[in-house]
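Note that the coordinates shown come from a computational prediction; the quantities given were computed from them, not determined experimentally.
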Amino acid sequence: MEMVPSEENQLVLKEGMFWSCRQSIFDEMKKRFSQVENAAEEPRVLCIVQDTTNAKTVNERLTLNLPASTTLSKLFEDVAHKAGYVNGTFDLAWRKTGDMGPLDPSSEMSLTESGFEPGKRNFLQLSDKDGEQPQIASDESGTAGSSGLDDRQERFIGPLPRDCTVGCSSDYSSPSYSYSSILNKSDTGYVGLVNQAMTCYLNSLLQTLFMTPEFRNALYNWEFEESEEDPVTSIPYQLQRLFLLLQTSKKRAIETTDVTRSFGWDSSEAWQQHDVQELCRVMFDALEQKWKQTEQADLINQLYQGKLKDYVRCLECGYESWRIDTYLDIPLVIRPFGASQAYGSVEEALQAFVQPETLDGANQYFCERCKKKCDARKGLRFLHFPYLLTLQLKRFDFDYTTMHRIKLNDRMSFPEELDMGPFIDVEDEKSPQTESCTDSGAENEGSCHSDQMSNDFSADDGVDEGICLDSASSTERVLKPKSSLTFELFSVMVHSGSAAGGHYYACIKSFSDGQWYSFNDQHVSKITQEDIRKTYGGSSGSRGYYSSAFASSTNAYMLIYRLKDPSRNAKYLDCDDFPEHIKHLVQREKESEEQEKRQREIERNTCKIKLFCMHPVKMMAMMENKLEVHKDKTLREATEMAYKLMELDGVVPLDCCRLVKYDEFHEYLERSYEGEDDTPMGLLLGGVKSSYMFDLLLETRRPEQVFQPYKPGEVMVKVHVVDLKTDTVAPPVSIRAYLNQSITEFKQLIAQATELSAETMRVVLERCYNDLRLLYVPNKTLKAEGFFRSNKVFVESSESPDHQVTFTDSLLWKLLDRHGNTIRLFVSLPVQSPGTNRTICQKVGGDPEECSEGSKGNRNSVETILEESTEKLKNLSLQQGSSTSDSQKSSDTSDFEHIESPSPSQEPDSSSVSAVVAVDNRELENRIRVASGGSGGGTYSDPETQFPGEERSDSEVNNDRSTSSVDSDILSSSHSSDTLCNADSGPIQLANGLDSHSITSSRRSKANEGKKETWDTAEEDSGTDSEYDENGKSKAESYYLYFRAEPYAQEDGSGEGGQKCVLVHVDKRITLSAFKQNLEPFVGVTSTQFKVFRVYANNQEFESVRLNETLSSFSDDNKITIRLGRALKKGEYRVKVYQLLVNDAEPCKFLVDTVFAKGMTVKQSKEELMPQLKDQCKLDLNIDKFRLRKKTWKNPGTVFLDYHVYEEDINISSNWEVFLEVLDGPEKMKSMSQLAVLTRRWTPAQMKLEPFQEVVLESSSVEELKEKLSEISGVPLENLEFAKGRGTFPCDISVLEIHQDLDWNPKVSTLNVWPLYICDDGAVVFYRDSTEEPMEQSEDERNELMKRESSRLLKTGHRVSYSPRKEKALKIYLDGGPVKDPGQD
């Protein structure tokens, strides 16, 4: 660059050079701005990092949103900073592709060049480096920039940020907090306490006691005698251990569970929040009890107990009556009762505490010396201050306006040094004074008796370790020097929250260095004097009545001061100065902590994975356990551990067992580990993880067998062999195949495993429920046919002509269809049921009588058939060798496989081989007559026959709610597997683009062919569904599904005493109507004369009434109870009748269950009811002396007139409810245009409500209502006021609140407008005389009336003004646990 000399001989740029340089600077700035702008537009990469280095941190996720140009080395720095680790002590790898190595922490490649995808979530895994756990970043080794954050954490005061405002959850959201940080001690040198759930109040008190040198040292000097007491229940010993850990532990926070266990608390106590001052008293009392007859017996009194005099002095003669009380803390009022302004400081509150009040007027004091009532002065005088002075700021109060507890958040300052000298002698010894004093003394009368000791003190009471301020003579007072009364603040227990709940923490000054610390559960940090001043509470505004409403809810609640006395002020004991028993305890705790650390290290390197095993002896059931194996253990060692875990020793040799990778959900064997016996389990399992996406199976074999290798990519197939001759489906045989195998190759594979002929083999794949697919295309691959990881197929190989039939019409399809839909039900029959000693078998074209004879003659008995089939299965399973079980149904040879196994001579031909068909109604009736012996045939043929001994379930008697609606919802729900695939759809489009040409059929659609659909059509408005279609033909004739029943003896003996049971195998697609018809021979009556109840797990019964619903919601081993009683027919509804008693305490009383029919008049239903009411309820009523009316919950509604017709004039529904109301006179309601109103008079002069009276109006006119009320009450029309009742009938309300709570005399002319909206019968109207004055009551009378009203309203279930939150009393159990008292709760 060319330079020229200036006048001062200095070199300067030429003018052209200057502009050139300026332009270059401008270009450079433009380039920089462009880079910044491009960075703003640069795509970003979202990285989600899972910390797998510890079992406790595995659920934590670190989220970083970085520019795509960020280098890998910078990514490692950011992760280290966010996780709190030292960079270079951990590895990062892709989470899903575990085979890839870790990322290079020194690489300068950008994230996009390294495979990260912008705009998507990139999952990474943080793991150990070279087997070593990451190092935690301390303040010295922390990353740059972290100090600022740490400084902010240091200065933090108050409750840490949390989601929950009430309670004291320990889940903090501090950005630098993680579980790993809890393992390292805070840089303050102090250890925190873990919050169990809501134990912050306990933690605050424990830290305060720990930071009190005199208490801590005295606790260390106490020696625990293990021979005398259990260490678990010893409160002093557990406190001693806790204090030692707080002083010597290297952890950030320690648990308090051992201490709370010594209190006798269980885990539920951790969820109870209590007052810290209450805990202090209860704990001190427990320590005194435990320390009896020890050197520490009087420790609490020596440190915390003071004395005061409660006196009354006559202002005429000077006579003083007094008593001495002790206290452990001084309660200071924040705001006097009735005052609008709070005290501003602790000194002001203390002055009010000792300020006497004058007793005059009605409150005069009877003087023993004057022998008359005189004016007197009453007050408190401090005689002795404790060494440790505790002040409780009474921030919790009761608001008598809202009748709720409140918290006073007013500002109250407190000094760091408190001089108690001015509060010794507050009485004026001069002439008697009569001026009015503050009434705070009355507020605190008796409130300071923190510890009720004996009032009789010996002569040496004045001489103790505290500061005694009275001598033997009450008139002589010797005050100690003022310096001896100066107290130093060292603990502030802070409450944050409301009266309903909140959070406690403590601000404590260390006597070692004078530094203030915040002890907030597990977090300990330094704070300043300014932070202490923030706990004064209140706001910066002036103090007033509403000041606390806008003040901070975080303020001081308890203050603890220590007397400044160098001769007594102790220092904390150092470890070198510990007593010998404490040194031994420290050594034991250190060893325990080291053992815990070693155990954590083992835990961190232990793989925990689910282990399964098909036990060869224990019922061939799949057993489950958890295998915990160190990552360095070899596969051989892990197999031996699993062998012992599954208790196979002595059952199977160890060399006949191996571990394989297993998928429990799909029951799929993923791979075996050949030749890897010496490989560490950490490598085989992909490292130590909190959970694995796969499981392990301990596979067994016979000694002569050889393990089959399982290779990745193979699929597992369970093969069921079907035998058409015996109608059986064998248990599964497991084989493995490849997805690229053809159907021909697959058949050859099956033939080798089952020894069946591949040429005549038919293979059917069950892809999902209700979907059977015949595999008949030879060169099609398994993948194209829809095979997955785990599959189920059925194979049949025979010379049967069934091969020539279309698959959906074949015997094979029908057998498999039955196999997939048959369920087993346990049916309990009524005692009167006949004929449960036989089995009903229905064959195509068969005659019931022939079937009955066959069961006696040619056919084998049920027991013989079951024994034979069981033996055959055993032989078959032995031949097939070990195989993996299918479902429970298959392993137990299903529910129907050996039902109806005919002899060869009786083998049906192809035209009649269908399992079961419909039976004509006439034949069914004949069979019923035969079952009943013929005598009752005429009785059973009448479907409307009533049974005098009709059974009613407990749910009918006791439950007022609907029963059938629950069952209806269950019955109408489709099978859960129906959503897996749509079998009714056409050819399925495969992944490779080819259409499936295999034969696919829906069982449901096939079975429903030709069936008349009645779903939600003709019967939609009926209370139940008819058993017959529109032509009167039985719907069961449309098609018939499998049904078989046999006697069953209950193992638990519950069937004794006449109760009979039947085990039913039935197709779950059968309707309830057909199911009931099939049960008729066993019940002994027609299906219209018994009811079906489904029994649930809690033995609760619900009636099933929807006859056209199927049993699809039922499953194996469900229970059903049959009860005698007329079932509903078409157009009938079950109705519950309740009696309406308007003037009773319980106005709604259940009477009977009955049946109303569509088209029936109200009068007819009343006639039907009368005999029932007389027999069951002993109500003999005249038909004109009662009415029926609508019932909505507990509210009476529309009155039903005799000529009304159900379904035409009155809407009726299933499980309907009505009120029956007995009339005092003739029915006043004659027309639907009339309005019946229930009225009740309120008489303020007597403070009571009169009984209900009904008023019938011809219109909705307010004027007519008032005229009627005036007529029945005699109240002049101009003085009458009315109001509509609120809530549920009888709209009860307290007589103390009715005057102001109801909207009296609304300005409307008609009843059917706002705010009345009286449009239907049954509305409640209160009325009164506006000129009637309320009764004058004394305070006692009003309180008595309030109690009576609260009791009355609670009995009727109506609201009361105030319902306080129930709190569990705080107790510490000295015997180690609470006494089990049933009435305690």
Side-chain angles (χ1 to χ4, degrees), residues 201 204-205 208 274-285 300-301 303-311 323-339 341-357 378-386 388-399 405-415 418 420 422-424 426 437-453 487 489 491-495 499 502 504 506 535-537 548 555-561 1367 1370:
Y201 67 98
S204 302
L205 180 61
T208 297
H274 294 289
D275 187 278
V276 67
Q277 186 252 0
E278 180 187 13
L279 172 69
C280 184
R281 295 200 186 172
V282 174
M283 185 189 292
F284 281 174
D285 186 55
I300 301 300
N301 293 338
L303 295 179
Y304 295 95
Q305 182 177 281
K307 296 177 185 175
L308 53 79
K309 177 186 287 186
D310 186 352
Y311 68 91
R323 70 176 183 187
I324 294 178
D325 290 325
T326 60
Y327 64 89
L328 294 180
D329 54 62
I330 303 174
L332 299 180
V333 175
I334 299 290
R335 186 194 302 165
F337 180 75
Q341 196 171 17
Y343 296 128
S345 64
V346 163
E347 295 92 336
E348 192 177 339
L350 280 169
Q351 190 66 43
F353 184 81
V354 297
Q355 183 72 24
E357 66 167 330
K378 182 181 187 304
L380 300 170
R381 184 181 300 126
F382 286 111
L383 301 179
H384 164 74
F385 287 116
L388 297 172
L389 180 65
T390 305
L391 304 179
Q392 180 205 2
L393 309 185
K394 298 180 67 176
R395 293 197 174 273
F396 298 108
D397 206 347
F398 189 81
D399 189 342
R405 290 180 66 205
I406 59 171
K407 182 184 176 185
L408 302 175
N409 293 312
D410 302 87
R411 175 184 172 87
M412 177 174 277
S413 63
F414 44 86
L418 178 62
M420 296 300 290
F423 306 107
I424 297 302
V426 297
C437 300
T438 310
D439 66 350
S440 62
E443 165 78 8
N444 288 280
E445 184 175 356
S447 66
C448 58
H449 312 319
S450 305
D451 191 3
Q452 293 297 334
M453 296 293 189
F487 288 82
L489 178 70
S491 177
V492 180
M493 277 173 263
V494 184
H495 182 268
Y504 284 100
T535 65
Y536 290 169
S548 66
N555 34 54
Y557 180 61
M558 279 187 70
L559 310 173
I560 301 184
Y561 287 83
E1367 295 181 358
L1370 189 150

Undergrad: How far does OH of Tyr343 sit from CG of Asp410, to the nearest 0.5 angstrom?
TA: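 Interatomic distance, Tyr343 OH to Asp410 CG, rounded to 0.5 Å: 12.0 Å.
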Undergrad: Evaluate Thr326 against Gln305 for side chain to side chain contact (heavy atoms under 4.5 Å, CB included), listing each step before the verdict.
TA: CA-CA 7 Å; Thr326 60; Gln305 182 177 281; 3.8 Å; yes
Undergrad: So how far is it from Ile300 CD1 to Cys280 SG, rounded to the nearest 0.5 Å?
TA: 8.0 Å
Undergrad: Minimum heavy-atom separation for Asn555 and Val494, please, with both atom names.
TA: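 Result for this residue pair: O-CG1, 3.3 Å.
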Undergrad: First locate atom NE2 of His495, then atom CG of Asp275, and finally report the distance between them rounded to the nearest 0.5 Å.
TA: 8.0 Å
Undergrad: To the nearest 0.5 Å, what is the distance between OH on Tyr304 and CG on Leu389?
TA: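 Tyr304 OH to Leu389 CG: 11.5 Å, rounded to 0.5 Å.
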Undergrad: Heavy atoms only: give me the nearest Pro415-Glu347 pair and the separation to one decimal.
TA: CG-OE2, 3.3 Å
Undergrad: When rounded to the nearest 0.5 angstrom, what is the spacing between CZ in Arg281 and OG1 in Thr390?
TA: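 These two atoms lie 10.0 Å from each other.
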Undergrad: Identify the heavy atoms of Met420 and Phe385 that sit nearest to each other, and give their distance.
TA: CE-CE2, 3.3 Å
Undergrad: Name the residue from Met558, Met493, Lys394 that meets the side chain to side chain contact (heavy atoms under 4.5 Å, CB included) definition with Gln277.
TA: Met558
Undergrad: With distance as the sole test, does Arg395 use its side chain to make a donor-acceptor pair with the main-chain N or O of Ala556 at under 3.5 Å?
TA: yes
Undergrad: What distance do Phe284 atom CZ and Asn301 atom CG have between them, rounded to the nearest 0.5 Å?
TA: 10.5 Å
Undergrad: Is any side-chain heavy atom of Lys309 closer than 4.5 Å to one of Leu383?
TA: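 A side-chain contact exists here, since the closest heavy-atom pair is under 4.5 Å.
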Undergrad: Is any side-chain heavy atom of Leu418 closer than 4.5 Å to one of Leu391?
TA: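 In contact.
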Undergrad: Looking only at non-hydrogen atoms, find the nearest pair between Val346 and Met412 and report the distance.
TA: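 It is N-CG, 3.9 Å.
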Undergrad: Can you give me the closest heavy-atom contact between Lys407 and Asn409, atom names plus distance?
TA: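 Between these two residues, the closest heavy atoms are CE-OD1, 3.3 Å.
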Undergrad: Do Gln392 and Tyr557 pair up side chain to side chain, a donor and an acceptor below 3.5 Å, judged on atom types alone?
TA: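 Distance-only check passes for Gln392 and Tyr557.
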Undergrad: Could you go through Leu350 and Leu332, starting from their C-alpha distance and side-chain angles, then the distance that decides it, and tell me whether this counts as side chain to side chain contact (heavy atoms under 4.5 Å, CB included)?
TA: CA-CA 7 Å; Leu350 280 169; Leu332 299 180; 3.7 Å; yes
Undergrad: Check the pair Phe423 / Phe353 against ring-ring contact (aromatic ring centres under 6.0 Å, His included), numbers first and verdict last.
TA: CA-CA 9 Å; Phe423 306 107; Phe353 184 81; 9.8 Å; no
Undergrad: So does Lys378 pair up with Asp310, basic N to acidic O under 4.0 Å?
TA: yes
Undergrad: Checking side chain to side chain contact (heavy atoms under 4.5 Å, CB included) between Leu393 and each of Leu408, Val333, Ile334, which is the one that passes?
TA: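 Only one option passes, and that is Ile334.
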Undergrad: What is the minimum heavy-atom distance between Phe414 and Tyr561, and which atoms define it?
TA: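 Taking every non-hydrogen atom into account, CB-OH, 3.7 Å.
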